[in-house]
**Student:** 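Below you'll find the structure I mean.
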Amino acid sequence: MADRTGQAGQAAQAERVEQARRTPVDRVALDEAVRFTSDLIRIDTTNRGGGEGVERPAAEYVGERLAEAGLEPLLLEKAPGRTNVVARIAGTDPSAPALLVHGHLDVVPADPAEWSVDPFSGEIRDGVVWGRGAVDMKDSDAMVLAVVRAWARAGARPRRDVVLAFTADEEDTAQYGSGHLVAAHPDLFEGCTESLGESGAFTFHPGDGRRLYPVAAGERGTAWLTLTARGRAGHGSKISHANAVTRLSSAVTRVGEHAWPVRLTPTVRAALTELAALYGLPLPDLDAEDPGELAAGVDGLLERLGPAAALIAPTVRNSANPTMLNAGYKINVIPGSATAQVDGRVLPGSEAEFTATLDRLTGDDVDWEYAHHEIPLQAPVASPAFDVLREALLHFDPAAHVVPYCMSGGTDAKQFSRLGITHYGYMPLRLPEGFDYQAMFHGVDERVPVDALHFGTHVLDRALRAL
């Protein structure tokens, strides 16, 4: 019976892949992916933080496109203008768990004086779409819209229910976006066990002719910290042994210079193993008990991997980078307090160690607290879902090398994980050699090739219907 059950499962999976081969993606869908990207860029949804942002015009645009495809989108707000869109597509198998596909509508600020084009023009020139949000992540929103509209035209349906969520406020704290949806509308995500969102399945060129496609199966946690030192206020001409600025400076230096130990998560282990095999390099002992031996082995492998190491290097350790300082109001006055901001990032399973280390580094004279805290995430790499995501990329780029990776930053997936939803970063783009995808995030002259959008639309359709 066990063998027959296993064979039945394999047959069902093969049938889903076969169904995905009969793609409903047509020329209209490819054109829409490009047009929707441009249209969404032209809608300025700048998120300046602290509650300052308006996503509603973009949410209304998305809602209209979904309604044209026969869906019933809900527009949901925690505060006026901070609008989210949620819709559900019924699958063909009511017993199957649902799949969440999410993307955010807000973007970070852009200074037009620094750009070659108007950052909110959505200009299409020389086969490239330009503007803020071109990769982060209005292109992904556009591809999702194009795929589900292609399904509607062709009468195609996914196996699983697919819940679509287009969110506000991802570029700040998510309190008006995914955080609000999870807290106030968890019923909308009933049955969802897995999600796809940013950021993964883009082409990474290590400069040796290979095309790597990192698929995110983990995220470091967010630990934004406020350090506060207190001392004795007084005249600047007096000797002070309780100077808050000195105390803070010492603590910030210790934090910034701390050498964090190597801590390998399952995702990072898998990435190191696959890349070592791809490059024909010996794999160091990833279970070495001696911290120095482990660090030497991992750092040595990363060095031999060359540019490909950039996919892994930020996620073999925790990190804590001082970013802001504030103290005093006059040069001849010793202030009674001083503060600093630190951007900390924490690997799955390392939160207790991170806390203990910060206590030790800040010492007795400096207190610290979380300004913003989000959990790290981990998704299985040895899973049917990851296999489907890999297959879809290989189908449209047979020379691809798909590797798992852990994101150094975070996404809305942290919020949705509170509903028990496992996340994979998967918004495909085939990018040309020399295109620095990571530099596009929050960078100047953000842009995305038209061909990359076409590729992503095809891959996303295949993956969503085969999952």
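Just so it is clear, the structure is predicted and the values come from calculations on it, not from any experiment.
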**Student:** Kindly say whether S408 contributes a backbone atom to a donor-acceptor pair with the side chain of R220 at under 3.5 angstrom?
**Tutor:** yes
**Student:** Check this for me, if you would: do R390 and E274 make a salt bridge, where the nitrogen-to-carboxylate-oxygen distance has to be below 4.0 angstrom?
**Tutor:**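 A salt bridge links R390 with E274.
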**Student:** Distance check, rounded to the nearest 0.5 Å: T37 atom OG1 versus K138 atom NZ?
**Tutor:**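 One finds 10.5 Å between OG1 of T37 and NZ of K138.
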**Student:** Would you indicate whether the side-chain heavy atoms of L278 and L212 approach each other to under 4.5 Å?
**Tutor:**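 Heavy-atom side-chain distance check passes, below 4.5 Å.
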**Student:** Would you confirm whether R132, through its side chain, and F120, through its main-chain N or O, come within 3.5 Å as a donor-acceptor pair?
**Tutor:**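 No, the answer is negative, given that no donor and acceptor are paired below the 3.5 Å cut-off.
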**Student:** So which atom in A295 and which in V262 form the shortest heavy-atom distance, rounded to 0.1 Å?
**Tutor:** CA-CG2, 3.7 Å
**Student:** Taking only residues at least two apart or on different chains, which pairs with a member in residues 302-315 satisfy side chain to side chain donor-acceptor pair (under 3.5 Å)?
**Tutor:** none
**Student:** Are Y213 and R430 side-chain neighbours, meaning at least one heavy-atom pair lies under 4.5 Å?
**Tutor:**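 A side-chain contact under 4.5 Å exists here.
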**Student:** Can you tell me how far CZ of F202 sits from CG of L431, rounded to the nearest 0.5 angstrom?
**Tutor:** 8.5 Å
**Student:** Measure the CD1-CG distance between I421 and L377 for me, rounded to the nearest 0.5 Å.
**Tutor:**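 With rounding to 0.5 Å, CD1 (I421) is 11.5 Å from CG (L377).
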**Student:** Is S350 reaching over with its side chain to a backbone N or O of E353, donor-acceptor style, under 3.5 angstrom?
**Tutor:**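 The answer is no, because no donor-acceptor pair under 3.5 Å joins these two groups.
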**Student:** Within this structure, what is the CG-CE distance for the pair D445 and M440, rounded to the nearest 0.5 Å?
**Tutor:**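 Those atoms lie 7.5 Å apart.
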**Student:** Is R35 salt-bridged to D31, cutoff N-O under 4.0 Å?
**Tutor:**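 Here R35 does not pair with D31 in a salt bridge, since their nearest N and O are not under 4.0 Å apart.
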**Student:** Side-chain contact test, heavy atoms from C-beta onward, threshold under 4.5 Å: evaluate it for L294 versus E289 and give yes or no.
**Tutor:** no
**Student:** Taking the side chain as everything from C-beta on, heavy atoms only, tell me whether E391 gets closer than 4.5 Å to R462.
**Tutor:** yes
**Student:** Can any side-chain N or O of N326 pair as donor or acceptor with the backbone N or O of T339 at less than 3.5 Å?
**Tutor:**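 Absent.
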**Student:** H104 side chain to T411 main-chain N or O, any donor-acceptor pair under 3.5 Å?
**Tutor:**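 Not at all, since once roles are kept as given, no pair shorter than 3.5 Å links the two residues.
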**Student:** Run the side chain to side chain contact (heavy atoms under 4.5 Å, CB included) test on T355 and W368 for me, step by step, so that the C-alpha distance in whole Å, both residues' side-chain angles and the decisive distance to 0.1 Å come before the verdict.
**Tutor:** CA-CA 10 Å; T355 298; W368 69 272; 3.9 Å; yes
**Student:** Atom CG of residue position D290 - does it have more than 12 heavy atoms of other residues, nucleotides or ligands inside 6.0 Å?
**Tutor:** yes
**Student:** Are any of the side-chain heavy atoms of L429 and T203 separated by less than 4.5 Å?
**Tutor:** no
**Student:** Do R447 and F435 pass the side chain to side chain contact (heavy atoms under 4.5 Å, CB included) test, and can you show the C-alpha distance, the side-chain angles, and the key distance before you say yes or no?
**Tutor:** CA-CA 10 Å; R447 58 197 182 274; F435 188 94; 4.2 Å; yes
**Student:** Mark yes or no for whether T362, through its side chain, and A251, through its backbone, hold a donor-acceptor pair below 3.5 Å.
**Tutor:**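 Pair absent, no side-chain N/O of T362 close to backbone of A251.
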**Student:** Let me see the working for L467 and R159 under side chain to side chain contact (heavy atoms under 4.5 Å, CB included), right down to the final yes or no.
**Tutor:** CA-CA 8 Å; L467 277 170; R159 178 181 68 95; 5.7 Å; no
**Student:** When you compare the side chain of F204 with that of Q438, does any pair of heavy atoms fall below 4.5 Å?
**Tutor:** no
**Student:** For H373 and Y370, take the angle between the two ring planes, folded into 0 to 90°, and tell me which bin it lands in: parallel under 30, tilted 30 to 60, perpendicular over 60.
**Tutor:** parallel
**Student:** Measuring from atom CG of N84 to atom CG of D169, what distance do you get when rounded to the nearest 0.5 angstrom?
**Tutor:**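 It comes to 8.5 Å.
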**Student:** Below 4.5 Å, heavy atoms only, C-beta onward: do S383 and Y424 meet side chain to side chain?
**Tutor:**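 Counting from C-beta outward, S383 and Y424 do come under 4.5 Å.
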**Student:** Counting the benzene-type ring for Trp, do H423 and H102 have ring centres under 6.0 Å apart?
**Tutor:** yes
**Student:** Show your reasoning for whether side chain to side chain contact (heavy atoms under 4.5 Å, CB included) applies to D299 and L302.
**Tutor:** CA-CA 5 Å; D299 291 340; L302 291 175; 4.2 Å; yes
**Student:** Out of the candidates E52, E55, E171, only one should pair with R82 under the salt bridge (Lys or Arg N to Asp or Glu O under 4.0 Å) rule; please name it.
**Tutor:** E55
**Student:** Can a salt bridge be assigned to the pair R418 and E374 using a cut-off of 4.0 Å between side-chain N and carboxylate O?
**Tutor:**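 Answer for the salt bridge query: yes.
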**Student:** Show the nearest heavy-atom pair for residues P186 and L419, with the distance to one decimal.
**Tutor:**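 That closest heavy-atom pairing would be CB-CD2, 3.9 Å.
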**Student:** So, D412 and T167: side-chain donor and acceptor under 3.5 Å apart, yes or no?
**Tutor:** yes
**Student:** Give the ring-plane orientation class for W224 versus H372, where under 30° counts as parallel, over 60° as perpendicular and anything between as tilted.
**Tutor:**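 Answer is tilted, since the angle falls between 30° and 60°.
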**Student:** Rounded to the nearest 0.5 Å, how far apart are CZ of R254 and NE2 of H258?
**Tutor:** 12.0 Å
**Student:** Do R345 and T222 have side-chain heavy atoms sitting under 4.5 Å apart?
**Tutor:**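 When only atoms from C-beta onward are counted, T222 and R345 do touch, with a gap below 4.5 Å.
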**Student:** Less than 4.0 Å between a side-chain N and a carboxylate O, is that true for D287 and R269?
**Tutor:** yes
